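Along the sequence shown, residues carry numbers from 1. Note that ligands are numbered from 1 as they come in the structure, with each ligand's atoms numbered from 1 the same way. All values reported here derive from a predicted model rather than from experimental measurement.
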Amino acid sequence: MGTTTASSHGATRIFRQGYADPEYVALTSRALALWEALEGAADEELIVRTGAVDHGRAEVVDAIAAALTDAGIPHETLSPDAAAARWPGIAFEGHVLARHGRSHPVRPRHRAVPHPGGTDGARRAALRHGGDGARRPRRRRDRDAVRRVHPPQLVRGGGRGSWAPALVGDLLAGRGAGLPAIRVTQEQPAHFPSRLPDQAWPSFVHWAADDDVYGLLTPGEGVKVGFHGTGPVVDPDHRDFTPVPAEAERLQAYVARYVPGVDATKPTFISCLYDNSPDEDFVIDRRGPVTVATGFSGHGFKFAPLLGDMIADLATGGAAHPRFSLSKPSPSGTP
Ligand SMILES: Cc1cc2nc3c(=O)[nH]c(=O)nc-3n(C[C@H](O)[C@H](O)[C@H](O)COP(=O)(O)OP(=O)(O)OC[C@H]3O[C@@H](n4cnc5c(N)ncnc54)[C@H](O)[C@@H]3O)c2cc1C
């Protein structure tokens, strides 16, 4: 099974600290420190500081601004006209928030993680620090768990992403734990040819009146723009990879109106998966020998090195983050 089947493919992802939820803002700071450490260890630029803008619904943008202020993360608010003068590729509306300086959001390049035919910063950093790049079993710290676990199996096949419910749902149920309902959707963002130089593009999120939209430049491919989590529910092993025509038209109409710096008539569609939890919180926990990491709800990539730490810690006897625990009451009140 290749990476093109997964959530994680394509050359770029957005790293943003702009969450309205203080707990996620704190997690982004931890993840950013780990990305930077990984860059240092790999001696390679894995993240590209592009700047980032949020605009749209006042209540969301203002809540993000408040959470960033509380976390001491510099940002500025500006009018839609001032924002458009600075970033002519985007048509802004509502409230606008931009982030600069050291806490610029960053764009993790996909070469940060292993992919066929490419380099990968994580593997190379391990090699530099005395590893041999091989994936091997690890001894557990705790007594009640199985003696040996195999991290790649746990992380890749043992219950990761969109396949986790089918792979480990029953195993977890047999141990008295239920996964929250994970809805797997097929998403269809597209790359649009840019009319502007690469430096003209920050990453952007539009908290629009109807569906939320994200965008960022993928150098050499165009500006990727997508609706967040609006695609049809699919079986991850039996999907068609084909854009829904009406949604494709809706995205082009959106881009024609709000992203004037690209050619909206020439989209190249991408197909990928979201593993949506009911409240968009991740689900990362372990029961006996079964470790699960799912529910990334379209916003997991930026946390990759932190999630790796959390999953390795869990698999070797550590406790789950309470927010991501299988014991957390579900939003509907069902445990
Ligand atoms: C279009 C799109 C845009 C996104 N943009 C962003 C963004 O800008 N910023 C951000 O932070 N996040 C973003 N995300 C979310 C992010 O990509 C995901 O949260 C992340 O990739 C989830 O990683 P994962 O390892 O859990 O799952 P996946 O990336 O889906 O990986 C699971 C892997 O397991 C493999 N697999 C499945 N079953 C088996 C098996 N039995 N044996 C072996 N292997 C198996 C699959 O083939 C796949 O490669 C985006 C997602 C999508 C779809």
Checklist entry - With atoms numbered from 1 as shown, which atoms in ligand 1 lie under 4.0 angstrom from a non-hydrogen atom of Phe296? => result 19 (O), 26 (O)
Checklist entry - Within less than 4.0 angstrom of ligand 1, does Glu187 place any heavy atom? => result no
Next on the checklist: Taking the cut-offs as 6.0 angstrom to the six-membered ring centre and 45 degrees off its axis, would you call Arg250 and Tyr254 a cation-pi pair?
Outcome noted: no
Next on the checklist: Once rounded to the nearest 0.5 Å, what's the spacing between atom CD of Gln186 and atom OG1 of Thr230?
Outcome noted: 11.5 Å
Next on the checklist: Quick check on Ser162 - does any of its heavy atoms sit under 4.0 Å from an atom of ligand 1?
Outcome noted: no
Checklist entry - Is the distance between the ring centroids of Tyr24 and Phe282 under 6.0 Å? => result yes
Checklist entry - Heavy-atom contacts under 4.0 Å between Trp163 and ligand 1: side chain, backbone, both, or neither? => result side chain
Next on the checklist: Suppose I only count heavy atoms of Cys272 and a 4.0 Å limit; which atoms of ligand 1 are within that range?
Outcome noted: 1 (C), 2 (C), 52 (C), 53 (C)
Next on the checklist: Need the ligand 1 atom indices (1-based, order shown) with element for anything under 4.0 Å from a heavy-atom of Lys302.
Outcome noted: 9 (N), 10 (C), 11 (O)
Checklist entry - N/O of Pro189 under 3.5 Å from N/O of ligand 1, yes or no? => result no
Checklist outcome for this item: With sequence neighbours left out, the residues meeting side chain to side chain contact (heavy atoms under 4.5 Å, CB included) with Thr69 are His75
Item to check | Sub-3.5 Å N/O-N/O distance, Ala293 and ligand 1 | outcome: no
Checklist entry - ligand 1 and Leu167, any nitrogen or oxygen pair closer than 3.5 angstrom? => result no
Item to check | Other residues, nucleotides, ligands: >12 heavy atoms within 6.0 Å of Arg195 CZ | outcome: yes
Next on the checklist: Is it true that, when you exclude Asp170 itself, more than 12 heavy atoms of the residues, nucleotides or ligands shown sit nearer than 6.0 Å to its CG?
Outcome noted: no
Item to check | Atom indices of ligand 1, in the order listed, that fall short of 4.0 Å to a heavy atom of Leu273 | outcome: 53 (C)
Item to check | Separation of Thr28 OG1 from Leu68 CG (nearest 0.5 Å) | outcome: 8.0 Å
Checklist entry - For Ala98 and Leu78, which heavy atoms make the closest approach, and how far apart are they? => result CB-CD2, 3.9 Å
Item to check | Interfacing atoms of ligand 1 (cut-off 4.0 Å, heavy-atom, Tyr214) | outcome: 1 (C), 2 (C), 3 (C)
Item to check | Numbered atoms of ligand 1 (with element) below 4.0 Å of Gly300, judged on heavy atoms | outcome: 11 (O), 12 (N), 15 (C), 19 (O)
Checklist entry - Can you tell me if Gly226 has a non-hydrogen atom under 4.0 Å from ligand 1? => result no
Checklist entry - What orientation do Tyr19 and Phe303 show, parallel under 30°, tilted 30 to 60°, or perpendicular over 60°? => result tilted
